[in-house]
Amino acid sequence: MSKKGKKAKVPLSDEEQLLLFQQKLLAEEEMAKKKERLLNQFLKDKLAKEEHNSALNLNKINTQWRTVLREVKTRELHKDIEILSQTFERVVDCKDSVIKSLAKDLSEAEEQHAHALRSHLHSIDQLLALQRCRLNLLEENYNLELEALTKEFDTERKTIIDQHEKEIHYLQDVFMAMEQNYIDSEYESKLEFQSMWDDLKNKNLEEKHFLRLQLENIVEDLWRRFQDALKNYTDATEDRKIAFETLKVKDEKSSREIEAQMKKIQKLQDSIIIFKGKILVHSRESEEQNQDIREDKELVLVQLRKLKAQRTQARGIAQENLVKLTLESSATLKALREIVDKGEKILKLAEICRKFETEEEKVLPFYSSVLTPKEQEEIETMDLEEFNEELGKVIMDYKGMENFWKRYNKVKLEQLSLRHRRAQLLEINEKLREMLRQYLDGISVSDEVLSQLNPLFIVNHRSNLPQLLPMPTAQPEPPARKSLRLHPEPPCPETRAYPVRSQSPFSCLL
């Protein structure tokens with residue numbers, strides 16, 4: 001024990017302490033790494049479990065949502081099937097009525113066609129009879145005119161033939177006389193030509209012989225002179241000719257040498273000029289290439305700056321467009337939802353109104369156009385450029401609502417007609433009330449009635465109405481016998497010429 005304690009108390013050196021410290025650090029790092037690995041493994045396992053559970057829950061939610069969607073879809077399909085069945089029945093009714101009307105129109109058209117055909121054949125027979133009569137008359141006139149023309153033609157032909165034969169005989173005599181004259185003149189001209197030709201031939205031969213002799217003498221003299229001159233020239237120029245030949249040979253040699261040297265000099269000058277031109281061309285090309293490269297570099301830099309500016313601007317515009325698009329998409333979604341709600345309401349109202357439609361409206365839901373074909377063609381051929389562009393676009397967008405507007409306008413017209421009819425009925429009712437009041441006033445006696453003008457109130461053969469014309473004087477009755485007397489048959493205001501025989505207040509309408 002004492003030895004161990006002594007060994008433990010031995011102080012460690014700095015290197016050993018450093019090694020121990022490093023070992024401790026390595027051990028701590030390994031432990032931290034192990035913990036981190038364990039923690040990562042635990043988190044991965046937990047994440048895998050969560051993903052598995054989320055996938056299962058998502059599948060469950062999807063299955064439940066599919067069932068809900070299937071139920072909703074089946075309801076919608078049932079509604080659609082009901083609507084389609086109703087529309088199909090309506091279309092079938094419409095088609096049946098159209099088929100019946102077409103069959104009726106077809107039978108009427110066949111009858112009209114048969115009637116028209118019979119009348120046409122009758123008129124054709126009459127026209128054929130008239131044409132045959134006309135042809136017979138024309139044939140008779142033609143035969144008469146033909147006989148007259150043939151007679152005239154025969155007489156004229158005979159006269160023309162006789163005159164022609166006379167003229168032919170006269171022309172033959174003239175031709176024979178002219179031919180005889182021509183033969184005589186031809187013979188005389190031939191004789192004159194032959195004599196003249198012989199004289200000219202003799203003269204030409206004599207002149208030719210004289211000229212040939214004269215030219216031969218001149219040629220011989222000239223040949224003699226030429227030979228003498230040639231001989232003198234050859235004798236005088238013999239030495240010069242020999243010297244000329246030698247100089248000519250030397251000149252040819254020297255000229256050949258000069259030509260060879262000149263060719264060499266020309267070749268060298270040409271090569272120098274070519275090399276100089278190539279040097280100039282290469283220098284110009286290099287300068288142009290350098291200049292083009294510098295310009296391209298500047299253009300590329302300018303384009304790069306522009307593209308950077310465009311990129312930043314496009315990013316800003318794209319951001320703004322994205323914001324606008326999101327706002328507009330949300331607004332359009334809201335508007336579409338409202339439109340869908342309106343459409344559902346309209347469909348519900350249409351189904352409700354369908355129950356109150358008449359048989360005629362069920363068969364013919366859309367009334368035919370009241371326009372004439374000419375007005376319809378003018379409307380169809382109307383150019384939309386007369387309107388504004390916006391108005392034309394709106395018209396083209398709502399062109400599919402034409403049937404809806406037809407039914408709407410039909411309802412509006414019916415509403416207006418009912419209002420007008422109601423006003424007429426109210427007016428008639430007021431008139432009837434006034435007539436009834438007048439009738440009741442006429443058959444009843446009261447202070448109010450007596451205070452007003454009443455043609456039925458007669459006392460002593462006099463009414464309380466103002467007298468426009470003088471009435472004949474009647475003998476007054478004694479005052480003891482004054483009495484109120486009602487007219488037994490009051491005249492109706494509408495039919496004053498007929499007395500009222502019934503006690504009903506509405507008998508005036510009959």
Give, for atom CG of Leu128 and atom CD1 of Ile124, the distance between the pair rounded to the nearest 0.5 Å.
-> 7.0 Å
No-hydrogen, no-angle side-chain donor-acceptor test under 3.5 Å, Glu165 and His169 | no
What do you reckon, is CD of Gln313 surrounded by more than 12 foreign heavy atoms closer than 6.0 Å?
-> no
Contacts of Tyr142 meeting ring pair (Phe, Tyr, Trp, His ring centres under 6.0 Å) (sequence neighbours excluded), chain-then-number -> none
Flag side-chain contact, heavy atom, 4.5 Å: His209 against Leu205 | no
Rounded to the nearest 0.5 Å, what separation is found between the CD atom of Glu110 and the CG atom of Leu117?
-> 12.5 Å
Starting at CD of Gln131, measure out to CG of Leu138 and round the result to the nearest 0.5 Å.
-> 8.0 Å
Under the side-chain contact (heavy atoms from CB on, under 4.5 Å) criterion, do Leu327 and Val323 qualify, and how do the steps go?
-> CA-CA 6 Å; Leu327 294 172; Val323 173; 4.1 Å; yes
Could you tell me which residues satisfy salt bridge (charged side-chain N to carboxylate O under 4.0 Å, His left out) with Glu89, sequence neighbours excluded, listed by chain and number?
-> none
Answer yes or no: is there a side-chain heavy-atom contact under 4.5 Å between Ser123 and His120?
-> yes
Does the side chain of Leu425 come within less than 4.5 Å of Arg422's, by heavy atoms?
-> no
For residues 56-77, pull every pair meeting side-chain hydrogen bond (donor to acceptor under 3.5 Å, both in side chains), keeping only residues two or more places apart or in separate chains.
-> none
Distance from Asp105 atom CG to Gln112 atom CD, nearest 0.5 Å?
-> 9.5 Å
Can you find a pair of side-chain heavy atoms, one from Glu351 and one from Ile83, that are under 4.5 Å apart?
-> yes
Pairwise side-chain contact, Glu430 with Glu434, heavy-atom cut-off 4.5 Å (strictly under) = no
CD (Glu82) and CG (Leu77) are apart, to the nearest 0.5 Å, by 11.5 Å
Is the shortest heavy-atom distance from the side chain of Arg90 to the side chain of Thr87 under 4.5 Å?
-> yes
Compare all side-chain heavy atoms of Leu416 with those of His420 and state whether any distance is below 4.5 angstrom.
-> no
Out of curiosity, Lys79 NZ to Leu84 CG, how far, rounded to the nearest 0.5 Å?
-> 14.0 Å
Salt-bridge criterion met for Glu186 and Lys190 (N-O under 4.0 Å) | yes
If we ignore angles and hydrogens, is there a donor and acceptor under 3.5 Å between the side chains of His122 and Gln126?
-> yes
So, do Leu347 and Glu344 sit near enough that their side-chain heavy atoms are less than 4.5 Å apart?
-> no
Within 6.0 Å of CD in Gln163, more than 12 heavy atoms from elsewhere = no
